[in-house]
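First comes the structure, then the notes that go with it.
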Amino acid sequence: MVERLQDLESECLREVQEETGINVLPILNKMELKVLYESVYPTQLQVGQFPQKQTLCIFYEVKLNESCNNIKVKIQESEVDDFKWIPKNQLLDIMNVSTNDQQYKEMSGIYPNQYGSGIGEGHIKAFMNSYKN
């Protein structure tokens, strides 16, 4: 969540540090806004019905001057279940449900998949839109 009167970039970096323990500023190379979209729940509404939840989703691409192998992550367990470093091309396979790697099968496809997991449809669209080429 963005704190009142704070800029989006600072809030993004604060969230990364809070949830992963990574202080990005010393190793930050580039930060670029990629996608903004509105998300509502439920996704299908009847005439006159209002969403129960509405958020503005903001995606930044953050490039670091450090290999992921050299970055120590300490997740905030109340906010994050798990994490994995995934190369961009492999992430595309996971999103398209074309991965054969068993460790990623449960998280592949649109939420909810056959495992009750998956990736939010909006997240997939945002990522695909960001990396068309």
Side-chain angles (χ1 to χ4, degrees):
M1 299 296 263
V2 174
E3 301 294 331
R4 185 178 164 97
L5 303 175
Q6 296 298 314
D7 65 274
L8 296 177
E9 290 83 5
S10 296
E11 291 296 286
C12 174
L13 297 177
R14 178 187 58 78
E15 281 291 323
V16 169
Q17 183 160 13
E18 281 182 8
E19 296 185 14
T20 67
I22 300 170
N23 182 2
V24 175
L25 279 177
I27 55 176
L28 181 64
N29 179 335
K30 177 183 171 187
M31 184 171 182
E32 180 182 352
L33 177 64
K34 287 294 197 174
V35 176
L36 260 146
Y37 73 91
E38 179 183 28
S39 175
V40 296
Y41 177 82
T43 56
Q44 302 291 320
L45 299 172
Q46 303 299 320
V47 174
Q49 181 185 10
F50 296 100
Q52 295 173 17
K53 185 176 180 182
Q54 182 175 16
T55 56
L56 179 63
C57 299
I58 305 167
F59 285 80
Y60 280 95
E61 178 177 30
V62 177
K63 293 191 178 188
L64 304 176
N65 293 320
E66 192 72 54
S67 164
C68 64
N69 297 327
N70 298 329
I71 298 174
K72 181 164 175 47
V73 175
K74 182 176 183 341
I75 61 171
Q76 182 183 18
E77 293 179 4
S78 63
E79 295 279 334
V80 180
D81 292 327
D82 196 5
F83 85 96
K84 292 183 181 7
W85 294 111
I86 302 173
K88 185 171 27 178
N89 63 334
Q90 191 168 16
L91 186 56
L92 290 170
D93 288 345
I94 292 167
M95 289 180 171
N96 290 318
V97 196
S98 58
T99 183
N100 292 320
D101 193 328
Q102 197 56 41
Q103 67 175 329
Y104 299 120
K105 283 274 189 203
E106 279 191 34
M107 65 189 292
S108 67
I110 294 174
Y111 175 85
N113 64 16
Q114 64 187 12
Y115 303 101
S117 187
I119 301 168
E121 186 174 11
H123 290 65
I124 291 174
K125 288 178 180 177
F127 189 86
M128 297 301 201
N129 186 56
S130 295
Y131 298 103
K132 288 180 181 175
N133 296 327

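Since the structure is predicted, the reported quantities are computational estimates derived from the model, not experimental observations.
- Sparse packing is recorded around CZ of Phe50, with 12 or fewer heavy atoms of other residues, nucleotides or ligands lying under 6.0 Å away.
- Looking at every heavy atom in both residues, Lys30 comes nearest to Leu28 through O-CD1, 3.7 Å.
- More than 12 heavy atoms of other shown residues, nucleotides or ligands fall within 6.0 angstrom of atom CD in Gln6.
- Residues Leu36 and Val40 are members of separate hydrophobic clusters, defined by side-chain heavy-atom contacts under 4.5 angstrom among Ile, Leu, Val, Met, Phe, Trp and Tyr.
- Atom CD1 in Ile75 sits 14.5 Å away from atom CD in Glu18 (nearest 0.5 Å).
- There is a side-chain donor-acceptor pair under 3.5 Å between Asp7 and Ser10.
- Of the inter-residue distances, the one linking Leu91 atom CG with Ile86 atom CD1 reads 5.5 Å to the nearest 0.5 angstrom.
- At a threshold of 4.5 Å between non-hydrogen side-chain atoms, the residues Thr20 and Val80 do not count as touching.
- Pairing each heavy atom of Val62 with each of Met31, the nearest pair is CG2-CG, 4.1 Å.
- Using a 4.5 Å cut-off between side-chain heavy atoms of Ile, Leu, Val, Met, Phe, Trp and Tyr, with links allowed through other members, Phe59 and Ile22 fall into different hydrophobic clusters.
- Looking only at distances, no side-chain donor or acceptor of Thr55 sits under 3.5 Å from a matching main-chain atom of Cys57.
- Taken together through direct or relayed side-chain contacts under 4.5 Å among Ile, Leu, Val, Met, Phe, Trp and Tyr, Tyr60 and Trp85 form part of one hydrophobic cluster.
- Taken to the nearest 0.5 Å, the CD atom of Glu19 stands 9.0 Å off from the CZ atom of Arg14.
- In terms of hydrophobic clustering, with Ile, Leu, Val, Met, Phe, Trp and Tyr side chains grouped at heavy-atom distances under 4.5 Å, Val35 and Leu8 are assigned to different clusters.
- Counting heavy atoms of neighbouring residues, nucleotides and ligands inside a 6.0 Å radius, atom CD of Gln49 exceeds 12 of them.
- Linking ILVMFWY side-chain heavy atoms closer than 4.5 Å, directly or via other members, places Val73 and Val24 in a single hydrophobic cluster.
- Of all non-hydrogen atoms in Glu66 and Ile71, the two that sit nearest each other are CG-CG1, 3.9 Å.
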